[in-house]
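Have a look at the structure below, then the notes.
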Amino acid sequence: MSGLVWLPVGGFAVLGLVLAANAVDTAIYAHGLLLFVASVLAGFAVLKKSESVVAEHRSDGADGTIVYNDSIIRLGVVASTFWGVVGFTVGLVIALQLAFPALNFDLPWTNFGRLRPLHTSAVIFAFGGNVLLMTSFHVVQRTSQARLAGMWSPWFVFWGYNLFIIMAATGYVSGITQGKEYAEPEWYVDLWLTIVWVTYLLVFLATLWKRKEPHIYVANWFYLAFIVTVAMLHLVNNAAVPVDFFGSKSYVVWAGVQDALTQWWYGHNAVGFFLTAGFLGIMYYYVPKQAERPVYSYRLSIVHFWSLIFLYIWAGPHHLHYTALPDWSQTLGMTFSIMLWMPSWGGMINGLMTLSGAWDKLRTDPILRMMAISVAFYGMSTFEGPLMSIKAVNSLSHYTDWTIGHVHSGALGWVGMVSFGAIYFLAPKMFGREKLYSLRLVSAHFWLATLGIVLYAAAMWVSGIMQGLMWRAYDSLGFLEYSFAETVEAMHPFYVIRAFGGGMFVVGSLLMAYNVWRTARGDVRDEQPYMPATQTATA
């Protein structure tokens, strides 16, 4: 079985050389060489690790015990932490560029236009994607009571996905992009991701298939919905015809309003299934585990699942209010967005009520506190999103910084915080440590991140509403009262506040990286356990 691994390794190495040898532009040449080098390194890794991987795989179930594949989850902790720091740092850089344009340095590689997609992809797909890979592989094994399916395929998914991230990121900095929001990589990078993603789906399904636990826990339902729907979105929205099979440039098969509708059907559901459904899988497993309480209502979690996946898929047109999109489509998107309030808040209530009987732990457990506030941000974001989809509100909010504030309260508050909680939960377990290096550092991270998000979102809410009102202000003669340059000048103080809040968030992520590193080393900081004031007085 292990011999078959050489077929794809050799095939991808040859493909990389062919692409590099026949390249008509620098991007294909560089990425062809990158694929070749990655394949060679994979070959060496297979040679070095073959015996241990095969032995571990064969020992599973030999004496009735389950040998989980935790090595890949351990790497996922490292990759998630690393990409988080990278993505947040690039976000801070571009926030500073908006406040102080001289920081673009008049260089193409450091220009806001290239760093902005680098930031969004690094945070969503590099950080968020690695967190989802790591946690889904962990959860599906534990809840299925089965080792992760496949000997080498899970490793291909992990390293193949991170190779996709590197190819996409180097392409952005070089100016290689489709120019589609959340779907920036060019056609050949999309094809590589398709191969990786199909393998991911097969590994996940095969693990569920061989489960020893008859019941499929609800977290796996959310993970599976995320994997299947993202595959569908990716294939449809990124359908493109390359100009040359040895060149990076392509043209999407959709055009005009069809392209706009397809893009925002993809874009909103990337938020709905990548950044919501997948991370709800994290919430439904890790919040009960950290709180040491069962899910508040398993029946509500099933209702939450089916209503969410049915409603979310129709909400994309609300991004295209007051455009060439037919009015009925805009109204359809708005209607389904408003209906999303119900399942979203059902999930939030389920997450928070899981803490019933464990509220006192929020005083002493900063990891649980992080998870709890992430659920609160989920509830806030899923209230604000439907509100902003209403046409009357959207006419003020769209294209303004209000949208930026909304996106980041969800991305940093919901996705970021629940991801941090999962990393802190997994780090000591995956590295075989009794506990984290320092809970005080987790608490410091919690406050830095929380205050950073509040500053960021509040500044963007004020800036965005001001921006929208200035754009629609007319004088007595019917002329615009403010020029575009005046609105930009008025937003400057809020951009500085945003950068400061983002800086706090970055510092918090650096504390997390340090904490994970010291935990991996086996260090434990000498910290006095928390004692309530009443206990201290009587001690």
Looking only at atom types and distance, does a side-chain atom of T199 sit under 3.5 Å from a main-chain N or O of I195, one as donor and one as acceptor?
yes

Which of parallel (below 30°), tilted (30 to 60°) and perpendicular (above 60°) describes H319 and W264?
parallel

Tell me which one of S389, S337, S329 satisfies side-chain hydrogen bond (donor to acceptor under 3.5 Å, both in side chains) with H318.
S337

Check: Q330 side chain, L325 main-chain N or O, donor-acceptor pair, under 3.5 Å
yes

Please tell me whether S250 and E186 have a donor and an acceptor in their side chains that are separated by less than 3.5 angstrom.
yes

Out of curiosity, L224 CG to L208 CG, how far, rounded to the nearest 0.5 Å?
6.5 Å

Please tell me whether E384 and W461 have a donor and an acceptor in their side chains that are separated by less than 3.5 angstrom.
yes

Are more than 12 heavy atoms, taken from residues, nucleotides or ligands other than F500, located less than 6.0 Å from that residue's CZ atom?
no

W254-N237 side chain donor-acceptor pair, cut-off 3.5 Å:
no

N111 (side chain) donor-acceptor with G113 (main chain) under 3.5 angstrom
yes

Test item: F222 and L308 side chains (from C-beta on) under 4.5 Å apart, heavy atoms
yes

F112 atom CZ, over 12 foreign heavy atoms within 6.0 Å
yes

Could you state the interatomic distance from CD1 (I404) to CG (L98), rounded to the nearest 0.5 Å?
9.0 Å

Quick check: does any side chain N or O of Y161 sit under 3.5 Å from a backbone N or O of F125, one acting as donor and the other as acceptor?
yes

What do you reckon, are the aromatic ring centroids of F305 and F273 less than 6.0 Å apart?
no

Between F377 and W414, does the ring pair (Phe, Tyr, Trp, His ring centres under 6.0 Å) criterion hold? Intermediate values first, please.
CA-CA 5 Å; F377 271 108; W414 157 236; over 10 Å; no

How about Y495 and D401: does a side-chain donor come under 3.5 Å of a side-chain acceptor?
yes

Between Y172 and H119, is any side-chain donor less than 3.5 angstrom from a side-chain acceptor?
no

Please test V375 against N350 for side chain to side chain contact (heavy atoms under 4.5 Å, CB included), starting from the C-alpha separation and ending with a verdict.
CA-CA 9 Å; V375 179; N350 214 3; over 6 Å; no

Distance alone, cut at 3.5 Å: any donor-acceptor contact between the side chains of Q178 and N238?
yes

Classify the ring geometry between W345 and F383 as parallel (under 30°), tilted (30 to 60°) or perpendicular (over 60°).
tilted

Residues V93, L103; criterion side chain to side chain contact (heavy atoms under 4.5 Å, CB included); working and verdict:
CA-CA 8 Å; V93 169; L103 294 176; over 6 Å; no

Tell me yes or no: between the side chains of T194 and H234, is some donor less than 3.5 Å from an acceptor?
yes

Answer yes or no: is there a donor N or O on one side and an acceptor on the other, between the side chain of N394 and the main chain of I390, under 3.5 Å?
no

Polar side-chain atom of Y217 near backbone of Y284 as donor-acceptor pair, under 3.5 Å
yes

Less than 4.5 Å apart, side chain to side chain, heavy atoms only: is that true for H304 and L280?
yes

Mind running side chain to side chain contact (heavy atoms under 4.5 Å, CB included) on L510 and F88 for me, showing each step along the way?
CA-CA 10 Å; L510 290 171; F88 305 144; over 6 Å; no

Output the distance between atom OG1 (T135) and atom CG (L426), rounded to the nearest 0.5 Å.
7.5 Å

Taking the six-membered ring for Trp, are F274 and F226 closer than 6.0 Å centroid to centroid?
yes

Distance-only, no hydrogens or angles: does the T276 side chain make a donor-acceptor pair with backbone N or O of V271 under 3.5 Å?
yes

Does the side chain of S80 pick up a donor-acceptor pair with the side chain of N130 at under 3.5 Å?
no

Going from CG on L412 to CD1 on I453, what distance comes out if it is rounded to the nearest 0.5 angstrom?
5.5 Å

Are S136 and Y200 linked by a side-chain donor-acceptor pair shorter than 3.5 Å?
yes

Can you tell me if T170 and H31 form a side-chain donor-acceptor pair at under 3.5 Å?
yes

Taking it one step at a time, do Y251 and W187 satisfy ring pair (Phe, Tyr, Trp, His ring centres under 6.0 Å)?
CA-CA 9 Å; Y251 290 97; W187 66 275; over 10 Å; no

Heavy-atom neighbours of Y322 OH exceed 12 at 6.0 Å
yes

Would you say that L340 contacts F336 through its side chain, given a criterion of any heavy-atom pair below 4.5 Å between the two side chains?
no

Taking the six-membered ring where the residue is Trp, are the ring centres of H268 and Y312 under 6.0 Å apart?
yes

Within a 6.0 Å radius of atom CG on D327, are there more than 12 heavy atoms belonging to other residues, nucleotides or ligands?
yes

4.5 Å side-chain heavy-atom contact, I309 and T229
no

M371 CE to L352 CG distance, which is reported to the nearest 0.5 Å:
13.5 Å

Here the gap from E184 atom CD to L118 atom CG, rounded to the nearest 0.5 Å, amounts to 10.5 Å

Just wondering, do L202 and S153 contact through their side chains at under 4.5 Å, heavy atoms?
no

Would a line drawn from the ring center of H408 to the ring center of F505 be shorter than 6.0 Å?
no

Is the closest side-chain donor-acceptor distance between R472 and S395 under 3.5 Å?
yes

Does E489 have more than 12 heavy atoms from other residues, nucleotides or ligands lying within 6.0 Å of its CD?
no

Give the intermediate values and the outcome of side chain to side chain contact (heavy atoms under 4.5 Å, CB included) for residues Y378 and V418.
CA-CA 10 Å; Y378 170 62; V418 79; over 6 Å; no

Would you say T400 and I465 make side-chain contact, with heavy atoms under 4.5 Å?
no

Could you walk me through whether D190 and K180 pass the salt bridge (charged side-chain N to carboxylate O under 4.0 Å, His left out) test, one step at a time?
CA-CA 13 Å; D190 286 333; K180 293 167 75 75; over 6 Å; no

When the aromatic ring centroids of F127 and W83 are compared, is their separation below 6.0 Å?
no

Could you tell me whether the side chain of W471 reaches within less than 4.5 Å of the side chain of Y482, counting heavy atoms only?
no

Quick check: are there more than 12 heavy atoms from other residues, nucleotides or ligands sitting under 6.0 Å from CH2 of W159?
no

Is the shortest heavy-atom distance from the side chain of V488 to the side chain of H492 under 4.5 Å?
no

